[in-house]
Amino acid sequence: MGAAHPATAKFSVLVATVTSFLVGLVIALVLIIARKQYPNLFSNSTEVKQLVYSLTVTLGINIVINSIQPTLSGVAIGAGWQAYVAYVNVGCYYFFGIPLGLGLGYAADMGVSVLLLISYMDID
C-alpha cells in the first residue's frame with residue numbers, strides 16, 4: 001500500500017490507530033458505567049465484587065492502551081520491522097514490565113492494582 005503512496009499509508013495508519021483507540025474507549029466506558037452490575041455475572045462473593053469494582057477504572061485504562069498497541073505493532077510488522085518489534089516486546093515485558101510490576105506490587109505494597117495497570121506490557 002505504501003510503496004508508491006506514502007501519504008495513503010500514513011492516513012491508513014492514522015485511521016487504524018484512531019479506530020482502535022475509539023473501540024477501546026467505548027469498551028472501557030461500558031465497563032466503567034456497568035461496574036456495579038457486571039461483577040454479579042462472575043461471582044457471588046462480596047469481597048470479589050468490591051475488588052472488581054475498585055479495579056474497573058484501572059481495567060478501563062488497560063483496555064484503551066491494549067487496543068492501540070497491537071495496531072501499532074501490526075503496522076511495524078507490515079513495514080518489515082519484525083525483529084525490532086520482537087526486541088521491543090521482549091524488552092518491555094521481561095526487562096521493564098515484570099520487574100516494575102513485582103517491585104510496585106509487592107515491595108511498594110500496591111497490590112493487584114499496579115499489576116493490572118502494568119499488564120498492558122504483556123505483549124503477544
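Because only heavy atoms are used, hydrogens play no part in the values below, and waters and symmetry mates are left out as well, while side chains stay in. For reference, positions follow the sequence shown, starting with 1.
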Under the side-chain hydrogen bond (donor to acceptor under 3.5 Å, both in side chains) rule, collect the residues that match up with Ser67, sequence neighbours excluded.
none

In a table with atom names and distances, give each donor-acceptor pair under 3.5 Å that connects a side chain of residues 33-40 to protein atoms at least two apart or in another chain.
from: Tyr38; atom 1: OH; to: Thr56; atom 2: OG1; distance (Å): 3.1
from: Asn40; atom 1: OD1; to: Lys49; atom 2: NZ; distance (Å): 3.0

Asn66/Asn62 under side chain to side chain contact (heavy atoms under 4.5 Å, CB included): CA gap, chis, key distance, verdict
CA-CA 6 Å; Asn66 249 342; Asn62 192 354; 3.4 Å; yes

Consider only side-chain heavy atoms of I, L, V, M, F, W and Y, link residues closer than 4.5 Å, and tell whether Val18 and Val64 are in one cluster.
yes

Rounded to the nearest 0.5 Å, how far does CG of Leu55 lie from CG of Leu31?
12.0 Å

Considering all heavy atoms of both residues, which atom of Ile63 and which atom of Ala28 are nearest to each other, and what is their separation?
CG2-N, 4.5 Å

In one Ile/Leu/Val/Met/Phe/Trp/Tyr side-chain cluster, 4.5 Å: Leu22, Leu14:
yes

Linked, directly or transitively: Ile68 and Val88 (ILVMFWY side chains, under 4.5 Å)
no

Residues Gln50 and Thr46: side-chain donor-acceptor under 3.5 angstrom:
no

Treat each ILVMFWY residue as a node, draw an edge where side-chain heavy atoms are under 4.5 Å apart, and state whether Leu41 and Ile32 are in one component.
no

Rounding to 0.5 Å, atoms CD1 (Ile98) and OH (Tyr94) come to a distance of 6.0 Å

Just do the side chain to side chain contact (heavy atoms under 4.5 Å, CB included) check on Leu25 and Phe21 with the steps written out, would you?
CA-CA 6 Å; Leu25 191 63; Phe21 173 76; 4.1 Å; yes

So if you build clusters from Ile, Leu, Val, Met, Phe, Trp, Tyr with side-chain heavy-atom gaps below 4.5 Å, do Val23 and Leu59 land together?
yes

Would the distance check show the side chain of Ser54 and the main-chain N or O of Leu51 forming a donor-acceptor pair, the cut-off being under 3.5 Å?
yes

Spacing of Thr17 atom OG1 and Leu72 atom CG [to the nearest 0.5 Å]
4.5 Å

Would you indicate whether the side-chain heavy atoms of Val52 and Glu47 approach each other to under 4.5 Å?
no

Check Ile77 against Gln82 and note the closest heavy-atom contact, atom names and distance.
O-NE2, 3.5 Å

Going from NE2 on His5 to OG on Ser12, what distance comes out if it is rounded to the nearest 0.5 angstrom?
11.0 Å

